[in-house]
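Both ligands and their constituent atoms are indexed starting at 1 by order of listing.
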Amino acid sequence: GGPAAVAAAAAAGPGRHPRSGGRPCAAVLGEPLPALDDPGLLVHPSADFAARALVSSEQQYREMYQRSIDDPAGFWSEVAEEFYWEHRWNPDQVCAENLDVNKGPIKIEWFKGGKTNICYNAVDRNVEAGNGGKVAMYWEGNEPGQDGKLTYSELLDQVCQLANYLKSAGVGKGDAVVIYLPMLMELPIAMLACARIGAVHSVVFAGFSADALAQRVVDCKPKVVITCNAVKRGLKVIPLKDIVDTALDESAKNGVDVGICLTYENGSALNKVDTRWKTGRDVWWQDVVPSFPTKCDVEWVDAEDPLFLLYTSGSTGKPKGVLHTTGGYMVYSATTFKHAFDYKPTDIYWCTADCGWITGHSYVTYGPLLNGATVIIFEGAPNYPDPGRCWDIVDKYGVTIFYTAPTLVRSLMRDGTEYVGRYSRKSLRVLGSVGEPINPTAWRWFYDVIGDSRCPISDTWWQTETGGFMITPLPGAWPQKPGSATFPFFGVQPVIVDEKGREMEGECSGYLCIKKSWPGAFRTLYGDKDRYETTYFKPFAGYYFSGDGCRRDKDGYHWLTGRVDDVINVSGHRIGTAEVESALVLHPKCAEAAVVGIDHEVKGQGIYAFVTLVDGVPYSDDIRKSLVMTVRSQIGAFAAPDKIHWAPGLPKTRSGKIMRRILRKIASRQLDELGDTSTLADPGVVDQLIALSDN
Ligand code: 6R9
C-alpha cells in the first residue's frame, strides 16, 4: 500500500489496517450494481417537477457547479449574504485552508472575521421576516393522537427562556452542554438555546448506554446535562433519567462532576414521583424554565467559534468528538437542504432521523429552520402501533418531503404494501435517503410504492464530519440511477484515488476522498488534533479521506460501496468494530474478541463477533446472552451483536495480527474464498472455526 497505507495503518493502531475491509468494488447488500450501459436505468423527474425546480436542468447545475469550483470565494460569499451577520467576514478570508500534511498543520477556516449567530438566523430572522405565525415544528408523540406544535414566534420564546435559564445556571460562551433527550421539541429547543448564548452543545443519542454517555461527559466536561425523565418507544418505557444518574456517578468517579441535571418531565412516559432524584443537582425543567423572560440577547460569535461537538465511531475504541464551527456550518447546512430537497416555503418536511445523529443536527434542526421550513419531530417508533404509522403521519400533516434511511425502507418493504395502500401519500413530492448505500431493490420500492413513481429520491451521501450533503441528486436537475448518489454538491470536489493516492479519471473504483475544503467541513476532533490529521488527512496527503469506497460510472455517477475501514454501518449507525471488541473483552469470561460486519437484509450490515473465552470456561447460551448484554450496557442496544461465534482460537499471523479478511469470509460463509491461509501461525484454527459456525 505505499507510504499512505503505512501512515493509515499506524493511525489505526496496532494490528489494524484501515482498509482491511478493502472492498471498494463490492456490490451493495449482495445486489450486483446495474450494468453501466443499461438504458432502462435512468429515472427522470417529471417535466412538471423539473420546470418548478430551483435547479431545473443538468446544464444549469453544471454552470453553477463550475462557478463554485472556479471561484469558491465568490460563490460562497453570495450564499452567505442570505444570512444575517452582525459583522461581515473579511472579504479576502472567505476561505483559508491547508489540507496537505506535508505543508504544515491542517487548517480549514471559512468567513473569518465574520460574526453571526445560527440561532438568530434560524429563529429570530424568520420571525422578523413576518413568519412568526408559521409553524416551525409539529410534534407527533409515540401514541397516535398525541401531538403538539410551535410557531416560529413560540419557538423563539421557548428558546429564549431556556437560554436565560442556562445563563443563570452559569453557562457561558464556549461552555459545553450535554443533551440526552429523545425526539421531543425540547431537543431542538435545547440545541438552539445553547447556540444562542454561544455554548457548545453535544447531543448524545438517547439510545446510548450509561457507560457510553459517561465517556462523552468525561471527554467534554459539560456544565449542565439536559435530559428528561423517560421516553416511551412503542410499548416500552425507557427511564432515561436513571441512565443519566448512573452516567453522572460514573463521570464523577472519573473526576468530572456535573453540577446541574435539567430534567424535562415527559409525563406521558413516566410521572414525577416515580423519577429518581438527586436533590441539589437535579432540576425539573418545568419548575424553572417557564419563569424566565422570553427575550434573550443573542451572543454574537465568530464564524470559527465552535457550535457543537458530536461523537462518532472510528477505527479505535474511543469515540471521536467531531467539532463543527458556526459560520461555514450554517451556510452549508442551509443551502444543501434547500437544493437537495428543492425546498419550497409551502413544504412540510419530515426527516425520521434522531437529533442524536448528525442527520438530526443538519436536517432536522439547523438546515430546515434556517430556511424557515416546517418540520416534524416524531418521538415514537416507525412501526408502532403498526407498520402504517409513517404514512399515517404523512397524511396527517400533509408531508411533502420525506427523508429517511434505507434500513427503514427495507423493514417496511418486508411488512408489505398493504399498510402503505391504506394511506393516500398524495402530498409527497420529494423523498430522501441517508445513512448507508441504498440497494437498488429498496430504491425501486421506495420510488414505486411509497412515492407512486412520482417523487424523485435524493440519495444523499455525507458524514458527521462533512456537516452536510456532499454527493446528492438535485431532484429536478438530472435523471437518477437507483442506488447512485449521483453528483457532487456545489463546491465539492470528490476524487477517487487508488492505493497510492493517485486520482483516477473516468470510469473507476477506489477510495473516496475530497479535494479542497467546503464550508461545512469539521474543523478538528475535540482535544485530539493528532488523531484528526492522522485519520483523515494522512492516508492520502492533500485530501480529506472519507473512509468510504466509491465507484464512478462512465456517465460520472457516483456509487458508494460502503466503508473500507473497521467501521460497520448498522441501520445507518456507525459502529467501530474496535468499540464492540473493547466492550466484549470487559466481560470477565471473554479473553479475546474480533468483530466483523456481515450483510443483513434489513439493517444493511449486522455485527458478527468471534470470541475466545478464558481458559477452562465452556461456551454456553448463558455466556452468549451475557456477552450480548455487556455490549448493550457498554454502548447501547443498537450495537448488540447479531451473532456470537465461539472461537477456541482466532486466525493470526505469526506476528500476532488477527486476519479479519478470513474472519469476514467465515462470517459470510464464503468458504471457497478464504484465500491464502498459509501465513497463519496455526492454519488449523480456520477449520475449527468453520466447524463451529453453526453453534
Ligand atoms: C450522514 C451520516 C457516515 C457514513 C459514510 C457512509 C455512510 C451515509 C450514505 C452512506 C452511501 C449514502 N453513508 N450516507 N453511504 N450512501 N447516501 O450517515 O453520517 O453517521 O457519520 O455516517 O455513512 O459509509 O461514511 P454518519
Side-chain angles (χ1 to χ4, degrees), residues 18-19 21 23-24 26-29 31 33 203 205 207-208 309-315 319-322 324 332-333 336-337 340 351-364 366-367 403-409 431-440 442-443 446 457-473 480-489 494 511-514 520-522 525 535-536 544-551 557-576 597 603-605 638-639:
R19 295 173 216 154
R23 26 160 218 157
V28 173
L29 259 184
E31 277 178 47
L33 295 177
V203 183
F205 172 57
F208 275 107
L309 270 179
L310 183 59
Y311 289 86
T312 187
S313 296
S315 297
K320 307 183 277 199
V322 169
H324 281 283
Y332 200 71
S333 61
T336 45
F337 171 82
C351 166
T352 63
D354 192 289
C355 286
W357 309 106
I358 189 67
T359 305
H361 282 63
S362 302
Y363 303 110
V364 174
Y366 293 115
Y403 184 38
T404 194
T407 183
L408 182 66
V409 174
L431 303 174
S433 174
V434 62
E436 51 169 320
I438 179 161
N439 49 310
W443 195 101
F446 199 22
I457 298 178
S458 285
D459 173 7
T460 59
W461 176 81
W462 62 296
Q463 309 177 294
T464 304
E465 294 87 340
T466 70
F469 305 149
M470 299 295 279
I471 301 180
T472 176
Q480 301 181 10
K481 297 186 182 187
S484 166
T486 76
F487 298 113
F489 191 74
Y511 303 103
L512 179 59
C513 291
I514 312 289
F522 69 139
L525 292 179
T535 310
Y536 300 101
Y544 164 76
F545 174 43
S546 68
D548 279 359
C550 184
R551 187 179 88 155
Y557 282 67
H558 292 81
W559 300 79
L560 278 301
T561 51
R563 301 288 308 191
V564 294
D565 55 8
D566 289 321
V567 172
I568 309 182
N569 191 321
V570 181
S571 301
H573 301 156
R574 265 163 83 168
I575 298 168
K603 300 189 208 173
Q605 280 192 296
F638 65 92

To which protein heavy atom is [atom] closest, and what is the distance rounded to 0.1 Å?
atom                    : result
atom 18 (O) of ligand 1 : G435 CA, 3.5 Å
atom 5 (C) of ligand 1  : D548 OD2, 3.2 Å
atom 11 (C) of ligand 1 : P437 N, 3.1 Å
atom 22 (O) of ligand 1 : R574 CD, 3.1 Å

May I ask you to decide if [Y]'s main-chain N or O and [X]'s side chain share a donor-acceptor pair within less than 3.5 Å?
X    : Y    : result
H558 : S484 : no
N569 : G435 : yes
S362 : T359 : no

Out of T460, T464, I471, indicate the one that has the non-hydrogen atom closest to atom 19 (O) of ligand 1.
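Answer by nearest heavy atom: T464.
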If the cut-off is 4.0 Å to any non-hydrogen atom of [X], which atoms of ligand 1 fall inside it?
X    : result
D459 : 12 (C), 16 (N), 17 (N)
T359 : 1 (C)
L560 : 11 (C)
V434 : 1 (C)

Passing candidate, ring-ring contact (aromatic ring centres under 6.0 Å, His included) with F469, options Y363, F487, F489, F337
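Testing each of Y363, F487, F489, F337 against F469, the sole residue satisfying ring-ring contact (aromatic ring centres under 6.0 Å, His included) is Y363.
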What I want to know is whether Q463 and ligand 1 share at least one N or O pair that is separated by under 3.5 angstrom.
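By distance alone, the answer is yes.
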How many angstroms lie between atom CD1 of I575 and atom OG of S313, to the nearest 0.5 angstrom?
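Answer for the CD1-OG pair, I575 versus S313, is 7.0 Å.
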Heavy atom of W462, distance to ligand 1 below 4.0 Å:
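True for this residue.
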Measure the distances from the heavy atoms of A485 to every atom of ligand 1 and state whether one is below 4.0 angstrom.
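It does not, in that no heavy atom of A485 comes within the 4.0 Å cut-off of ligand 1.
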Can you see which heavy atom on [X] is nearest to which on [Y], and at what distance?
X    : Y    : value
E436 : T407 : OE2-N, 3.3 Å
V564 : G549 : CG1-N, 3.6 Å
C351 : V364 : SG-CG2, 3.8 Å

Please work out whether any backbone atom (N, CA, C, O) or any side-chain heavy atom from C-beta onward of N569 is under 4.0 Å from ligand 1, and answer side chain, backbone, both or neither.
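Under 4.0 Å from ligand 1, N569 contributes side-chain atoms alone.
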How are the rings of H324 and F522 set relative to one another: parallel (under 30°), tilted (30 to 60°) or perpendicular (over 60°)?
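Plane angle between 30° and 60°, so tilted.
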